[in-house]
Amino acid sequence: ACSAFSQKSCEECLKNVSCLWCYTNNTCIDYPVRSILPPSSLCSLSNARWGVCWINFEDVIIAMAVVAGLILVTVTVCCCYCCYCRKRSRSRLDEEEEQLARKREERRLQSLQRKHERKLKHDEIRKKYGLLQDSDNPYSRFENE
């Protein structure tokens, strides 16, 4: 039982994890497991020690609250930053995709225009040498003269 360590030292009392040391009257008492924090009627938080003798319950609570707050703020900032970056990167990707589609369409149109110009040039050459078939009657008989 924890009461056996009363009037000894804090270190000896806290070797047992289920014990709580109170500096007001140098007593070692069982930790009240039904409540998270020991009630002030048992021992004030500034004089209660649990786990280690060099830090009191008030400091532990404040440190845990600060750490929890920092973790919460960090997670919130990371989530907001990631959402903002994703939105920004998506819009940037959409713009790049639109630019690529525009350039692809321009190249396709230029290619069609060059193809049409080549066809006209080839038709002129065929007409010059009499190789162009009559477009009205494409099935005319080929006669060897």
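Taken from SG in Cys10 to CG in Asn26, the straight-line distance is 9.0 Å, to the nearest 0.5 Å. To the nearest 0.5 Å, the span separating CD on Glu106 from CG on Leu109 amounts to 8.0 Å. In this structure, the separation between CD on Gln110 and CZ on Arg107 is 8.5 Å, given to the nearest 0.5 Å. Between atom CZ of residue Arg104 and atom OG of residue Ser111 there is a gap of 14.0 Å, rounded to the nearest 0.5 Å.
Of all heavy-atom pairs spanning Arg49 and Ile55, the tightest one is CD-O, 3.2 Å. Residues Lys8 and Trp21 approach most closely at O-CH2, 3.8 Å, considering heavy atoms.
Residue Ile62 is found in a hydrophobic cluster whose other members, listed by chain and number, are Val66, Leu70; membership requires side-chain heavy atoms under 4.5 Å apart, directly or through intermediates. Ile71 forms part of a hydrophobic cluster together with Val67, Val75, judged by ILVMFWY side-chain heavy-atom separations under 4.5 Å.
Note on Leu120: it does not cluster hydrophobically with Tyr129, by side-chain heavy-atom contacts below 4.5 Å among ILVMFWY residues. Put simply, Ile29 and Phe57 are part of the same group of oily side chains (I, L, V, M, F, W, Y) that touch within less than 4.5 Å, one to the next.
Of the residues listed (Lys127, Lys121, Lys119), the one engaging Asp123 in a salt bridge (charged side-chain N to carboxylate O under 4.0 Å, His left out) is Lys119, and it is the only one.
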Side-chain donor/acceptor pairs under 3.5 Å, residues 36-46, sequence neighbours excluded:
unit_1: Ser44; atom_1: OG; unit_2: Asn47; atom_2: ND2; d: 3.0

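Pairing of Cys19 with Cys2 by a disulfide is supported, the SG atoms lying closer than 2.5 Å. A disulfide is not assigned to Cys22 and Cys28, since their SG atoms are no nearer than 2.5 Å.
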Determine, step by step, whether Trp50 and Val60 satisfy the side-chain contact (heavy atoms from CB on, under 4.5 Å) criterion, reporting the C-alpha distance in whole Å, the side-chain angles of both residues, the deciding distance to 0.1 Å, and the verdict. CA-CA 9 Å; Trp50 179 72; Val60 170; over 6 Å; no
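Residues forming a side chain to side chain contact (heavy atoms under 4.5 Å, CB included) with Arg102 (at least two apart in sequence, or on another chain): Glu98, Gln99. Checked against side chain to side chain contact (heavy atoms under 4.5 Å, CB included), Gln113 has the following partners two or more places apart in sequence or in another chain: Glu117. Every residue two or more places apart in sequence or in another chain that forms a salt bridge (Lys or Arg N to Asp or Glu O under 4.0 Å) with Arg108 is listed here: Glu105.
Looking at Lys128 and Glu124, their side chains never come closer than 4.5 Å, going by heavy atoms from C-beta outward.
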